[in-house]
Amino acid sequence: MTTAVSFSQVSRHYGAVKAVDRVDLDVREGEFFAMLGPSGSGKTTSLRLIAGFEQPTAGHIEIFGETAEGVPPYRRNVNTVFQDYALFPHLNVVDNVAYGLMVRGVAKAERRRAAEEVLAMVKLPGYGDRRPGQLSGGQRQRVALARALVNRPKVLLLDEPLGALDLKLREQMQEELKALQRQLGITFVFVTHDQGEALSMADRVAVFSEGRITQVGTPQEIYQRPASRFVADFVGSSNVLPPDFVQRYCGQRGWGSLRPESIRIQADASGDGVPARVLSKSYLGAATRVVLDADGLRINAILPAGARLPDDGEAVVLTFNRETLHVMGGEG
Amino acid sequence: MSANPAILPRRGGVAGALSDAFWRHPGLLLFLMLTPPVLWLGIIYLGSLFALLAQSFFSIDEFSGLVQYEFTLKTYGELLRAQNLDVIVRTVVMAAIVTLAAAAVAFPIAYFAARYAKGKWKAFFYLAVMLPLWSSYLVKVYAWKLILAKEGILNWLLAKLHLTWLLEAWLSLPIVGGNSLSFSYTGTFLVFLYVWLPFMILPLQAALERVPGNLVEASSDLGAAPATTFRHVIFPLALPGLVAGSIFTFSLTLGDYIIPQIVGTSRLFIGQAVYAHQGTAGNIPLAAAFTVVPIVVMGFYLWGAKRLGAFDAM
């Protein structure tokens, strides 16, 4: 399998700030790769290193086997969908989409045809003569996507492209993006701080923290077997359990991660399990989150709709399957 | 009666009542704020301008030298005489060249200030651009006369650089040349350029500042080399600023009568012609007709700029 993008020991420092610090990364050809992390974790800087807007202060970057350091963005066959779209306000939709082709000297009729074709692909047929200012956020998003895709890039970079959309539109775009990626077979590198988005769309996810990658894996691996307390907490807000607790209930020693939905609550306070007291509940629609206190340790549990809800202050017992408690290696 | 009512009582007597009234009728506040300046502009400024323009449709009695208050186009006929047409062409060409040169000089300065200058450098930029505007216009023009004079610093510098021959060659050219720089169109041009340059830099810088940096990145990302990005993204988006700046430099040059009087040849510019006709010659109708010229030229200029799409990005 070909490697689309490869980082070896790549750093991007701004003075004392280590935006990206000794990162190793391999993005495979044709995969949907997500870079997930909180703001300031280095995921966007990594994306900009691939696009060429930033140059690494150390390390080596390859794009399809070719050295990328020192190559300006306009010589990289890589296109970006910007976070705030960055559409040209003085050009109409067709000219925006056809910009990359115009720059390459494609004839006017040909580039108009290609632009219309891609606009139809992103479900905006007939919008060509409008200005970006006349479009809604979701439509601008599609134009930005079309403008990048029309160039048939080797890698498509997406910088939090769904961040500004409302929930419903975002879910719809997630599906469409995924479908588009499968249909075109282009490598997508997607930056997001939304773990749900990363898990639902990506083939593989890299979790960034403080300029470094803490874990790379499939969504299942990341979710079920987080490599560190940070990953466990950031992806799906797991219950991070201290070594003493894990040893008491599981036998092994080490930091543990227990997903809120793996926890069952039993009203019989004398039964086997972890004794706890209910602090509060919040209704989530499809489920209810219960916050509990287990001898000073705060634990979140998610109960599906229909389950019996304990009262606030009630003494309960928590149970879970051993396999669902994931013990993390090292200090976590 | 609660200590913390849901609706607070009105405060501050009359001022409070006024505040409430203005809040309920925003149009009233707008009306009160705009009336004085509109009256000022409408009556004092536009009124006197129209009074002046009306003069251009009167004529002067050649024997008595008195103005005849009858509608006639005779004055405009006079304006088209070779010697007057000459003044108009000279002024318009000078204004156009000054504008082009100002745009060329201002663009890199404004671009640097808008895209790269931060903090202290930005303050330094504003200071450097504005500083010449703080001193008297006359002082600046006389300073330039000294700089450009035969015994001036520029000649001295060129002599030190062994470039006197270059200056001599330039001054021996027709039209742009002359006895010395301070008695040539080249000198007039340089002073115009210097004096009006801030009026080009500031609007251009403001326009360039509003071009989002990510558009430049997007263009580069889509395969455009820097020159292509400049041509297709930066320039079109900065055009309104360029047009605003050129309106200043162009119209200020069209109307000025002091610079060509102090630095340059004895041939007249429109401003000088207006000054001469309304003053010593006492030919107010012709002076008024001359003042119509810059207004008409600017009208065509703006119309042309609009046709070219200069305001599309606004």
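Note on naming: letters A, B, ... go to the chains in the order of the sequence lines (proteins, then strands), and numbering restarts at 1 for each one.
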Start with the C-alpha distance between B/L222 and A/F88, add both sets of side-chain angles, then the distance that settles side chain to side chain contact (heavy atoms under 4.5 Å, CB included), and finish with yes or no. CA-CA 12 Å; B/L222 293 164; A/F88 302 122; 4.1 Å; yes

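In this structure, the portion of A/L87 lying under 4.5 Å from any heavy atom of chain B is its backbone and not its side chain.
Contact residues of residues 55-83 of chain A toward chain B are A/P73, A/Y74, A/V78, A/N79, A/T80, A/F82 (heavy-atom distance under 4.5 Å).
Residues A/R104 and B/G223 share a closest heavy-atom pair of NH2-CA, 4.5 Å. The two residues B/L237 and A/H90 have their closest heavy-atom pair at CD2-ND1, 3.6 Å. Residues B/L215 and A/P89 come closest through the heavy atom pair CD1-CD, 3.5 Å. What you find for B/E217 and A/F53 is that their closest heavy atoms are O-CE2, 3.4 Å.
Other residues, nucleotides and ligands contribute more than 12 heavy atoms inside 6.0 Å of the NZ atom of B/K140. Residue B/L85 qualifies as enclosed at atom CG: its count of foreign heavy atoms under 6.0 Å is above 12. More than 12 heavy atoms of other shown residues, nucleotides or ligands fall within 6.0 angstrom of atom NZ in B/K122. Remark: B/Y137 OH is packed, more than 12 non-hydrogen atoms of other residues, nucleotides or ligands lying under 6.0 Å away. Taking a 6.0 Å sphere around OH of A/Y14, one finds it holds more than 12 heavy atoms contributed by other residues, nucleotides or ligands. In this structure, B/F31 places its CZ atom where only 12 or fewer heavy-atom neighbours from other residues, nucleotides or ligands lie under 6.0 Å away.
A donor-acceptor contact shorter than 3.5 Å is absent between the side chain of B/H232 and the backbone of A/Y99.
The residue among B/T228, B/D221, B/N214 with the most heavy atom pairs within less than 4.5 Å of chain A is B/D221.
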